[in-house]
Undergrad: 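Let me give you the structure first, and then I'll get to my questions.
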Amino acid sequence: MESTGVAVAFWLLSALTVGGALLVLLSRNLLHALVFLVVAFLGTAGLFLTLSADFIAVAQILIYAGAIAVLIVFAIMLTPLASRDNANSLYAVPGILLGLAVAALVAFAALDGGWPELAGEALAERGFSSTVAAIGELLLGRYVLAFEVASVLLLFALVGAIVLVREEPPAGDGEGREP
Amino acid sequence: MSARSALGRLLALGPLRLAALAAALALAAAANAVVGYVVIDGRLDGEWYDLRDLGFAVARLRAELDAVAPPALSYWVTALVGVGGILGFLGLVLLLGSWVERRLLARFQIRRGPNRVGPFGLLQPLADALKLMQKEVLVPRGADRLLYAVPPIAVFIPAVLAWGPVPWAPNMTYLDINVGVLYVIAVSSLAVLALFMAGWASNNHYALLGAMRTVAMMVSYEIPVSLALLSVVLVTGTLQLSEIVLWQEQHRLWLGLLLPVAFLTFFFSSTAEINRTPNDIAEAESEIVAGYHTEYSGMKAGLFIAIELGNAVVLGALVATMFLGGWSLFGLETWIPPYLVLAAKTGAVYFVLVWLRGTLPRFRLDQLMGFAWKYLIPISIANVGVVAVEAAILVRLDAPGIVPLSAFTLLNIALAVACARFAMPEPSGGPSAGRGASHAPVLTTVLGGLRASERLRSAP
C-alpha cells in the first residue's frame with residue numbers, strides 16, 4: 001500500500017466484494033443472490049485494478065459479470081418454478097467448511113509467496129506497460145499446451161451440448177422445418 | 001433566375017444593411033486570416049489556450065496544481081473535470097437528441113414532428129421530461145421491490161462508462177487505458193442483466209417476454225461484435241482506442257473501408273445490442289407492449305427511453321472512433337477542433353440509425369436469431385481468418401505502404417459485396433413465397449409508397 005488512495009480503494013472494494021458474497025449466501029431469492037453475485041464480481045474486478053492488472057480486471061467484468069451472470073439467468077429461467085429459491089441445503093455445513101479451507105489455502109499462498117510489489121513508476125521503469133502483450137505471449141508461448149487443451153475442452157463441451165439437445169427429425173418430414 | 005433574384009434581394013436591403021453585411025464578411029475573412037496565420041505559424045501548438053485540444057489545458061492545470069498541492073489533488077480535480085465534461089455532453093445529447101430524432105423521423109414520414117413548444121419545438125424534450133417527472137410511479141402488485149427499483153438507474157451506468165475510453169483529440173481521452181476495446185465490450189455486456197432484471201421484476205408476462213428476448217439477442221449478437229472488433233485489433237495491433245485512431249490517421253485510411261465486413265457486422269449487431277429498429281424485438285411495441293419496461297411509468301420509463309437514445313449516440317461515437325477515423329479527418333483536424341470532427345461523425349452515424357428506424361420494418365425474433373447464428377457468426381469467423389492473414393502480411397512489411405493497403409481494401413470490399421450477394425439469406429415474403437419467386441421488393445413497388453398510392457388512385 002503505497003498511498004492512501006489505494007488503501008481506501010482496497011478497503012472499499014473488499015467491503016463490496018465480501019458484503020456481496022455474504023448477501024449471496026444470505027438472500028432468500030435466487031435472483032437477488034445473482035445480483036449480489038454480480039456486485040461481488042465487480043468488486044473483485046476493482047481489486048484487480050488496484051493491482052495494475054488491467055486485462056484481468058476487464059476480463060473479470062466481461063466473463064463473470066457479463067457472461068456467467070447471463071448463464072445463471074438462463075439456468076434459473078429454464079428450471080421449474082419450485083426450485084427458484086435460495087433455500088437451505090444439506091450441503092450448508094460442508095460447503096462452509098470447504099470455503100474456509102479454500103480461503104486458508106489462498107491466504108497461505110498469498111502470505112507465503114514472495115510477491116514482487118511494483119506499481120506505477122517502478123513498473124514503468126522496467127518497461128512494463130501493458131499486461132495484455134505479456135499474457136498473450138505467455139499463452140501462445142510457454143503455456144500453449146494448456147491453452148490448446150482448454151480450447152479443445154470448450155469445443156467438446158459445445159459439441160456435446162448440441163448432441164444432447166438435438167431432436168431427431170420426425171420420420172416423414174425430410175428436412176426439419178424451422179419452428 | 002435564382003442568381004438575379006438573389007442579387008435583387010441583396011440590393012433591396014438598402015445601403016445601410018449592405019454595408020453591415022460587407023463589414024461582417026470582412027470581419028469573418030479577417031478572423032479566418034488570423035486563425036490561419038496562427039495555425040500555420042504553429043505558435044499555438046501545445047499551449048494551454050489551444051482550444052483545438054482541451055487536453056493541453058488540463059495538463060497545464062495539473063502542472064499548476066502539482067506545484068502547490070499534493071499530487072492526489074490534481075488527480076481528483078482532473079477526474080472531476082473529465083467526468084463533468086462527459087456528463088455535460090451526455091446531458092446535452094439526451095436533451096437535444098430526442099428532439100432531433102423525432103424531427104428526423106417526421107421528415108422521413110412526410111410530417112412535421114414536434115413544432116409547438118418553443119422555437120421549432122426545441123423545448124419539447126424539456127416539456128416531456130417535466131411531464132414524466134410529475135407522473136406517479138406505479139409499482140405493480142407482486143413486483144419484486146428491490147429488483148424493480150434498481151434497473152432504471154443501472155442501465156445508465158454502462159452508457160456513461162462507455163464514453164470513458166473514447167478519444168476526442170490527440171491528448172483528450174478521459175480513460176486512455178490499453179485494454180480499451182475489451183473495456184467497451186465488457187461494459188456493454190453489463191446492460192443486459194439490468195434489462196433482464198427490469199423485465200423479471202415487473203411480474204408481467206409481456207415484460208418477461210421482452211426480457212428473455214433481450215437476453216437471447218444480446219448473447220447472440222455479442223459474438224459478432226467481439227469478432228468484428230477482433231479484426232480491428234488484428235490490423236492495428238493495439239487494444240487502445242486512441243492508438244486505433246492514430247493508426248487510421250497515419251495510414252490515411254478508415255478502417256471501415258479496409259474492413260467493410262467487420263464494420264457492417266459491428267454496426268448491425270450493435271443495433272441489436274442497443275435495441276434499435278430493425279432489431280428492437282425486445283420492446284416491439286406492436287407485439288409485446290413495450291417489452292421489459294412495460295410496467296414502468298413516470299420518470300422511470302423516461303430513464304429507459306432516454307438511455308436508448310444515449311446508447312445510440314455512444315454507438316455512434318464508437319463506430320466513428322473505430323471505423324471512421326475518430327477525430328482525424330485527413331489533416332483537417334489541425335484546423336477544425338478534433339472533438340468537433342468526432343462529434344460530427346457521431347452525429348452522422350446517429351442520423352443513419354434514425355434513418356434505419358424510419359425505413360426498415362422490424363425483424364421477427366426467429367429471423368433475427370437465425371441471422372446471427374447462421375449467417376453473421378460464420379461470416380465473421382471467416383472474415384477474422386482473412387484479416388489475420390492480411391495483418392500478418394502487413395506486419396512483415398516495414399511500413400505498410402499505399403499499395404498493399406489499397407490492395408487489401410479492394411479485396412475486402414469485393415469480399416463484402418460477394419458476401420452480401422451470395423451468402424445472405426433469401427428474402428422471403430412468408431410461407432407462400434417459394435423459391436424462384438420474384439425477389440422484387442413487393443411492398444415498396446406495388447403496395448406501398450407515395451408513387452404506388454398515386455398509381456392506385458389513377459388506375460381505372
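By convention in this document, chain letters (A, B, ...) are assigned in the order of the sequence lines, proteins followed by strands, and residues within each chain are numbered from 1.
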Undergrad: Please list, in residue-number order, every residue in residues 225-235 of chain B that has a heavy atom less than 4.5 Å from any heavy atom of chain A; write 'none' if there are none.
TA: none

Undergrad: Measure the shortest side-chain to side-chain distance between A/Asp54 and B/Ile177 over non-hydrogen atoms and say whether it is less than 4.5 angstrom.
TA: no

Undergrad: Do any of residues 185-198 of chain B come closer than 4.5 Å to chain A, heavy atom to heavy atom, and if so which ones, in number order?
TA: B/Ile185, B/Ala186, B/Ser189, B/Leu190, B/Val192, B/Leu193, B/Phe196, B/Met197

Undergrad: Does B/Val150 reach the side chain of A/Val35, with side-chain heavy atoms less than 4.5 Å apart?
TA: no

Undergrad: Shortest non-hydrogen contact from B/Asn178 to A/Val132?
TA: O-CG2, 4.2 Å

Undergrad: Of the non-hydrogen atoms in B/Val219 and A/Phe74, which two are nearest, and what is the gap between them?
TA: CG2-CE1, 4.1 Å

Undergrad: Highest number of heavy-atom pairs under 4.5 Å with chain B: which of A/Val73, A/Val38, A/Leu34?
TA: A/Val73

Undergrad: According to side chain to side chain contact (heavy atoms under 4.5 Å, CB included), who are the partners of A/Ala21, at least two apart in sequence or on a separate chain?
TA: none

Undergrad: Using side chain to side chain contact (heavy atoms under 4.5 Å, CB included) as the criterion, list what pairs up with A/Leu139, not counting sequence neighbours.
TA: A/Ile135, A/Phe147

Undergrad: Counting neighbours of OH on A/Tyr64 that are heavy atoms of other residues, nucleotides or ligands and sit closer than 6.0 Å, is the number greater than 12?
TA: no

Undergrad: Over all heavy atoms of both residues, which pair between B/Val179 and A/Phe55 is shortest? Give the atoms and the distance, please.
TA: CG1-CA, 4.1 Å

